[in-house]
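Okay, so here's the structure we're looking at.
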Amino acid sequence: MQFTVTDVPERDRFEARNETGALAGVVTYQLTGTIIAYTHTEVDPEFEGEGVGSTLARAVMDDARAKGRTVVPICPFLAKWLTRHPEYEQIVVRTTRKVK
């Protein structure tokens, strides 16, 4: 199944939709200047296991890189995803403190 990811700035989120337009998942964010904090990733249970989370993660990171933004990965899913994708390390802010 193919998913299309689009930025919906009026809702402070990226949305992934399938071919029929059904909302499959979202990544919410907070944007301040050139710093973008990804705060939450959510995949609709109907689409779990179909790669929606990874599709969203890659899309939001590619968007941030293309726009010259610095990423703060607050979302635990995205933070974990980034450990497996070092190609984005240059634009990610890392800290030794954990957010609970």
task: May I ask whether Val43 and Leu23 are part of the same hydrophobic cluster, defined by side-chain heavy atoms of I, L, V, M, F, W, Y residues being less than 4.5 angstrom apart, directly or through others?
output: no
- prompt: Any chain of hydrophobic side-chain contacts (each under 4.5 Å) joining Val26 to Val52?
  reply: no
message: Please determine whether side chain to side chain contact (heavy atoms under 4.5 Å, CB included) holds for the pair Phe47 and Asn18, giving the CA-CA distance in whole Å, both sets of side-chain angles, and the decisive distance to 0.1 Å.
response: CA-CA 9 Å; Phe47 296 99; Asn18 70 4; 3.6 Å; yes
message: With heavy-atom distances below 4.5 Å as the criterion, would you say the side chains of Asp12 and Thr28 are in contact?
response: no
- prompt: What do you reckon, are the aromatic ring centroids of Tyr38 and Trp81 less than 6.0 Å apart?
  reply: no
statement: What one should report as the nearest heavy-atom pair of Gly68 and Thr34 is O-CB, 4.1 Å
- request: Might you confirm whether atom CD of Gln30 has over 12 heavy atoms from other residues, nucleotides or ligands at distances under 6.0 Å?
  value: no
task: Apply salt bridge (charged side-chain N to carboxylate O under 4.0 Å, His left out) to the pair Arg65 and Glu87, showing each step before the final yes or no.
output: CA-CA 11 Å; Arg65 182 166 40 202; Glu87 64 269 26; over 6 Å; no
- request: Show your reasoning for whether side chain to side chain contact (heavy atoms under 4.5 Å, CB included) applies to Thr41 and Cys75.
  value: CA-CA 7 Å; Thr41 302; Cys75 168; 3.2 Å; yes
query: Is there a donor-acceptor contact under 3.5 Å from the side chain of Thr83 to the main chain of Lys80?
result: yes
- prompt: Should Tyr29 and Ile91 be counted in the same cluster of Ile, Leu, Val, Met, Phe, Trp and Tyr side chains packed under 4.5 Å apart?
  reply: yes
message: Counting only heavy atoms from other residues, nucleotides and ligands, does the tally under 6.0 Å from CD of Glu19 exceed 12?
response: yes
field: Cluster overlap Leu78 with Val92, hydrophobic side-chain contacts below 4.5 Å
entry: yes
statement: Closest heavy-atom pair, Gly33 versus Leu31, reported as atoms and distance to 0.1 Å, is O-CD1, 3.5 Å
query: Going through the distances and angles, do His85 and Met61 end up as a side chain to side chain contact (heavy atoms under 4.5 Å, CB included)?
result: CA-CA 10 Å; His85 295 275; Met61 292 305 296; over 6 Å; no
message: For the CD atom on Gln90, are there more than 12 heavy atoms of other groups (residues, nucleotides or ligands in this structure) within a distance under 6.0 Å?
response: no
Arg11, CZ atom: more than 12 neighbouring heavy atoms under 6.0 Å: no
task: Check Arg69 against Asp63 and note the closest heavy-atom contact, atom names and distance.
output: NH1-OD2, 3.7 Å
- request: Say whether Tyr88 and Val72 are linked into one hydrophobic cluster, either directly or through other cluster members, by side-chain heavy-atom distances under 4.5 angstrom.
  value: no
- prompt: Stepwise, does the side chain to side chain contact (heavy atoms under 4.5 Å, CB included) test hold for Arg13 with Glu42?
  reply: CA-CA 11 Å; Arg13 70 185 196 176; Glu42 186 171 335; over 6 Å; no
statement: Ala79 and Pro73 have their tightest heavy-atom pair at CB-O, 3.9 Å
